[in-house]
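To start, the structure itself, in structure tokens.
Side-chain atoms are counted along with the backbone in the values below, which use heavy atoms only and exclude waters and symmetry mates.
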Amino acid sequence: MKKILLICLMCCAAYADYIYDLTATLSPSSTVSIEQQPHFYQMYHLVADGEATVTFTNYDADLVSPTDQGEYSDPYLYLYILEEINFGNINSFSRAYVLYDEDDDSNEGVGEDLYFYLPDVTFTNELVAMVTSYEPMTTGTVDFTIESDTALTVIPEPVAVGLILVGGATLILARKRQ
């Protein structure tokens with residue numbers, strides 16, 4: 001009996017999850033064109049050390065669209081993985097991402113107040129999550145969690161862009177000093 005209890009405790013400890021509670025803010029400062037319409041978004045860059053399995057669950061949203069009275073202001077989630085890195089030289093590199101998974105259907109058939117839900121998404125090293133909305137030009141906030149089987153570094157887009165710019169500037173300065 002003691003051996004079985006010990007094995008059960010060991011199994012439970014091995015599958016501990018990490019939960020990240022996030023709020024995406026949709027505003028005109030970040031705009032993407034979807035079906036020739038402007039949509040506001042916020043991106044998150046997720047980094048893992050190796051393979052990770054994550055679940056995205058939206059539990060609340062406070063969105064306002066200029067074209068509806070809140071009826072269709074559902075949040076959407078698009079996930080992108082790195083397809084390739086182009087590295088011409090120290091001053092020229094870029095990353096190309098490809099759509100990996102999405103939840104842009106309605107919230108019918110899922111729990112009340114559950115707008116997007118993507119379970120068991122597996123990726124290696126990095127994933128980009130874009131939170132946006134059904135209606136164009138929708139502003140507001142989207143609250144969601146990311147549950148992961150491994151520790152993640154979650155970087156919101158403005159910080160990620162800043163880190164890339166600082167890294168690029170550091171490389172340029174280092175190169176000029178040589």
Side-chain angles (χ1 to χ4, degrees), residues 7-27 29-34 39-63 72-86 93-135 138-167:
I7 290 171
C8 286
L9 289 174
M10 289 172 46
C11 290
C12 292
Y15 293 103
D17 289 325
Y18 298 86
I19 299 174
Y20 303 87
D21 193 5
L22 303 168
T23 299
T25 301
L26 309 185
S27 71
S29 63
S30 297
T31 305
V32 65
S33 180
I34 300 174
H39 285 72
F40 306 144
Y41 71 91
Q42 181 160 4
M43 276 197 205
Y44 295 87
H45 192 98
L46 283 61
V47 180
D49 186 18
E51 187 175 278
T53 301
V54 295
T55 296
F56 293 84
T57 305
N58 169 228
Y59 61 88
D60 194 19
D62 183 17
L63 298 175
Y72 300 105
S73 297
D74 290 346
Y76 282 2
L77 176 67
Y78 298 98
L79 303 178
Y80 299 88
I81 58 170
L82 183 64
E83 184 176 53
E84 66 181 336
I85 298 176
N86 297 317
F93 68 92
S94 65
R95 294 171 170 254
Y97 291 89
V98 63
L99 184 64
Y100 180 64
D101 205 349
E102 62 187 298
D103 186 345
D104 64 356
D105 53 5
S106 68
N107 56 357
E108 295 175 21
V110 294
E112 186 177 332
D113 297 330
L114 186 61
Y115 302 104
F116 62 71
Y117 176 71
L118 280 176
D120 303 323
V121 176
T122 301
F123 69 96
T124 303
N125 297 330
E126 65 181 286
L127 180 75
V128 173
M130 181 176 72
V131 178
T132 187
S133 64
Y134 174 78
E135 283 292 313
T138 297
T139 58
T141 58
V142 178
D143 299 314
F144 66 102
T145 59
I146 301 172
E147 188 171 339
S148 176
D149 65 346
T150 188
L152 300 174
T153 300
V154 180
I155 307 168
E157 183 188 55
V159 175
V161 170
L163 289 174
I164 291 168
L165 291 175
V166 167

Go through the structure and list residues passing side-chain hydrogen bond (donor to acceptor under 3.5 Å, both in side chains) with [X], not counting sequence neighbours.
{"X": "Thr141", "answer": "none"}
{"X": "Thr139", "answer": "none"}
{"X": "Thr55", "answer": "none"}
{"X": "Thr153", "answer": "none"}

Strictly by modelled atom types, are Ser27 and Ser29 linked by a side-chain donor-acceptor pair under 3.5 Å?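 The criterion, which ignores hydrogens and geometry beyond distance, is satisfied for Ser29 and Ser27.
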When the side chains of residues 118-126 are checked against the rest of the protein, which donor-acceptor pairs come out under 3.5 Å, sequence neighbours left out?
unit_1: Thr122; atom_1: OG1; unit_2: Thr53; atom_2: OG1; d: 3.1
unit_1: Asn125; atom_1: OD1; unit_2: Gly50; atom_2: N; d: 3.1
unit_1: Glu126; atom_1: OE1; unit_2: His45; atom_2: NE2; d: 3.3
unit_1: Glu126; atom_1: OE1; unit_2: Arg95; atom_2: NH1; d: 3.1
unit_1: Glu126; atom_1: OE1; unit_2: Tyr97; atom_2: OH; d: 3.0
unit_1: Glu126; atom_1: OE2; unit_2: Arg95; atom_2: NH1; d: 2.9

Return yes if some donor-acceptor pair links the side-chain N/O of Asp103 with the main-chain N/O of Tyr117 below 3.5 Å, else return no.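 It does hold such a pair.
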Judged by atom type as modelled, is there a donor-acceptor pair below 3.5 Å linking the side chain of Asp17 to the main-chain atoms of Ile19?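 Looks like no, no N/O pair under 3.5 Å.
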Answer whether the closest heavy-atom distance between the side chains of Val98 and Ile81 falls below 4.5 Å.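 Yes - at least one pair of side-chain heavy atoms lies under 4.5 Å apart.
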Just so I know, are the side chains of Tyr41 and Val131 near enough to count as touching, which here means a heavy-atom distance under 4.5 Å?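 No, too far: nothing below the 4.5 Å cut-off.
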Applying ring pair (Phe, Tyr, Trp, His ring centres under 6.0 Å), name anything that partners Tyr44, two or more places apart in sequence or on another chain.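 By the ring pair (Phe, Tyr, Trp, His ring centres under 6.0 Å) rule, Tyr44 matches Phe144.
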Distance check, rounded to the nearest 0.5 Å: Glu147 atom CD versus Tyr20 atom OH?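 Rounded to the nearest 0.5 Å, the CD-OH separation comes to 11.0 Å.
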